[in-house]
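For reference, the structure is listed below as structure tokens.
Side chains included, hydrogens not; waters and symmetry mates left out as well; all remaining heavy atoms used. Keep in mind that this is a model prediction, so the values were computed, not measured.
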Amino acid sequence: MNDLGAALRAWRERTDPDAVGLPNASPRRVAGLRRGELATLAGISPEYVARLEQGRAGTPSAQVCAALACALRLSDDEEAHLMRLAGFATAPDRIPCRIPGSLHRVIDHLGDVPAAVYDAAWRLLHWNRLFAAVFGDPADASADDRNALIVQFESRNPRVRQTDTERAYFEQSLVADLRATSARYPNDPDVAALVTRMAGNDRFRRLWALGAVALHENAHKTAVHPDVGPIPLDSNVLTTRNTDLRLVVLTPRPDTTAREKLDRLGGRGPVPRQVGLT
């Protein structure tokens, strides 16, 4: 048994079957979940759970680790520890892209408004049904089309409309945020490559030359949907502690028909998605 196997076994044996919705009527020789129960909850085979615990399996994927963390009701710190044991620790000079379970749960409960999670370089990592319904399913988009800076400065999303004032504020705020990110992660090659690419855009280059540094916290925009028409939205950004992820929540602008239109789109969108870890 290795450290990963020992941790998984300890977490399995401490997990109350009632807490994860499993009947606890039959006698149990030991407390906690059986391997087969954990396997069912995580969507993997009991044999694979046994090999993991005994140290006989190869390194599990990030997706398997996330499924195990969810099944075992691990805390964010415990899930991060599991990822480190499996070799998915984020290097200190790279921007984090692992979404903790608590943030997944927040997204899952924001069903009546579009919501998404971005990393510190504004790469889209996860989104809910309504976000995909309003803006188009990002699962069908290229990596470039999932970066908010590239989308904004290269005009890649035809479903977004901004006034000149809204666009000027949004772009200035995004660029100032990226400069802050580049200072926090000066050795991240992806951040450097993004800055280099964006420097080819005149509007970006002028804003970058200002040297402003700030977090992007809010914006206003209008989503133009082919079925329901314009949806005026207010965007609020919450930056998560320790992970530097950005939770973007888009709420209907007051005194407009946006709420009614979001309600009409509710339930039409594809299932929530997450981009694979890099």
Begin from the C-alpha positions of Tyr169 and Asn218 and carry the test side chain to side chain contact (heavy atoms under 4.5 Å, CB included) through to its verdict. CA-CA 10 Å; Tyr169 171 80; Asn218 56 72; 3.2 Å; yes

Please walk me through it: do Leu8 and Leu72 pass side chain to side chain contact (heavy atoms under 4.5 Å, CB included)? CA-CA 9 Å; Leu8 286 173; Leu72 292 165; 4.2 Å; yes

Is there a side chain to side chain contact (heavy atoms under 4.5 Å, CB included) between Ile107 and Leu247 once you walk through the steps? CA-CA 9 Å; Ile107 289 287; Leu247 171 61; 3.5 Å; yes

For a side chain to side chain contact (heavy atoms under 4.5 Å, CB included) check, start with the C-alpha distance between Val191 and Leu194, then their side-chain angles and the critical distance, and finish with the verdict. CA-CA 5 Å; Val191 174; Leu194 178 61; 5.7 Å; no

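You'll find the side chain of Leu68 stays beyond 4.5 Å of the side chain of Trp11, heavy atoms only. Asn201 places none of its side-chain heavy atoms less than 4.5 Å from the side chain of Glu171. Proximity of Trp122 to Thr181: side-chain heavy atoms (C-beta onward) are nowhere separated by under 4.5 Å. Side-chain contact between Arg98 and Pro100 is present, with heavy atoms from C-beta onward closer than 4.5 Å.
Not a single donor-acceptor pair under 3.5 Å links the side chain of Asp112 to the backbone N or O of Leu262. Proximity of a side-chain donor or acceptor of Arg146 to a complementary backbone N or O of Ala141 within less than 3.5 Å is detected. Between the side chain of Asn147 and the backbone N or O of Ala121, at least one donor-acceptor pair lies under 3.5 Å. In this structure, the side chain of Glu79 engages the main chain of Gly101 through a donor-acceptor pair within 3.5 Å. Asp188 places a side-chain N or O within 3.5 Å of a backbone atom of Ile95 that can act as its donor or acceptor partner. No donor-acceptor pair closer than 3.5 Å links the side chain of Asn187 to the backbone N or O of Asp93. Proximity of a side-chain donor or acceptor of Arg246 to a complementary backbone N or O of Asp244 within less than 3.5 Å is detected. Looking at Ser61, its side chain does come within 3.5 Å of a backbone N or O of Val64 through a donor-acceptor pair. Of the possible donor and acceptor atoms, none in the side chain of Thr15 sits under 3.5 Å from a partner among the backbone N and O of Leu33. With Arg12 contributing its side chain and Gly32 its backbone, the two residues share no donor-acceptor pair below 3.5 Å.
Salt bridge status for Asp263 with Arg259: present, with a side-chain N to carboxylate O gap under 4.0 Å. Lys261 and Asp227 are not joined by a salt bridge, as no carboxylate oxygen comes within less than 4.0 angstrom of a charged side-chain nitrogen. Salt bridge status for Asp108 with Arg105: absent, with no side-chain N to carboxylate O gap under 4.0 Å.
Arg167 contributes atom CZ, which lies 12.5 Å from atom CD of Gln172 (distance to the nearest 0.5 angstrom). A distance of 7.0 Å separates CG in Asp3 from NE2 in His81, rounded to the nearest 0.5 Å. Rounding to the nearest 0.5 angstrom, the gap separating the OG1 atom in Thr59 from the CG atom in Leu85 is 11.0 Å. To the nearest 0.5 Å, atom CD1 of residue Ile231 and atom CD of residue Glu260 are 11.0 Å apart. Rounding to the nearest 0.5 angstrom, the gap separating the CG atom in Asp190 from the CZ atom in Arg123 is 4.5 Å. Taking CG of Asp119 as the start and OG1 of Thr240 as the end, the distance is 10.5 Å to the nearest 0.5 Å.
The shortest heavy-atom contact between Val113 and Leu250 is CB-O, 3.3 Å. Considering every non-hydrogen atom in both Ser173 and His216, the closest pair reads OG-ND1, 2.6 Å. Considering all non-hydrogen atoms of both residues, Asp234 and His220 come closest at OD1-ND1, 2.6 Å. Taking all atoms of both residues into account, the shortest heavy-atom contact from Ala71 to Leu38 is CB-CD1, 3.8 Å. When all heavy atoms are compared, the tightest approach of Val195 to Phe204 is O-CE2, 4.2 Å. The two residues Leu4 and Pro60 make their nearest non-hydrogen contact at CD2-CD, 3.8 Å.
Both Val228 and Val134 are members of a single hydrophobic cluster when ILVMFWY side chains are connected at heavy-atom separations under 4.5 Å. Both Phe170 and Trp208 belong to a common hydrophobic cluster when Ile, Leu, Val, Met, Phe, Trp and Tyr are linked at side-chain heavy-atom distances under 4.5 angstrom. Tracing side-chain contacts under 4.5 Å through hydrophobic residues (I, L, V, M, F, W, Y), one reaches Tyr118 starting from Val237; they form part of the same cluster. Under a hydrophobic clustering in which Ile, Leu, Val, Met, Phe, Trp and Tyr are joined whenever their side-chain heavy atoms come within less than 4.5 Å, directly or via other members, Leu238 and Val106 fall into the same cluster. The cluster map of Ile, Leu, Val, Met, Phe, Trp and Tyr, joined by side-chain heavy atoms under 4.5 Å apart, puts Leu210 and Leu149 in the same cluster.
Between Phe131 and Phe135, the ring planes are tilted. Angles from 30° to 60° get that label.
In this structure, a donor-acceptor pair under 3.5 Å is present between the side chains of Gln162 and Gln152.
In the displayed structure, Asp140 atom CG is contacted under 6.0 Å by more than 12 heavy atoms of other residues, nucleotides or ligands.
Among residues at least two apart or in separate chains, there is no side chain to side chain donor-acceptor pair (under 3.5 Å) pair with a member in residues 38-50.
Of the options Val248, Val117, Asp137, a side-chain contact (heavy atoms from CB on, under 4.5 Å) to Trp127 is made by Asp137 and by none of the others.
Here Arg14 pairs with Glu78 under the side-chain hydrogen bond (donor to acceptor under 3.5 Å, both in side chains) rule; sequence neighbours left out.
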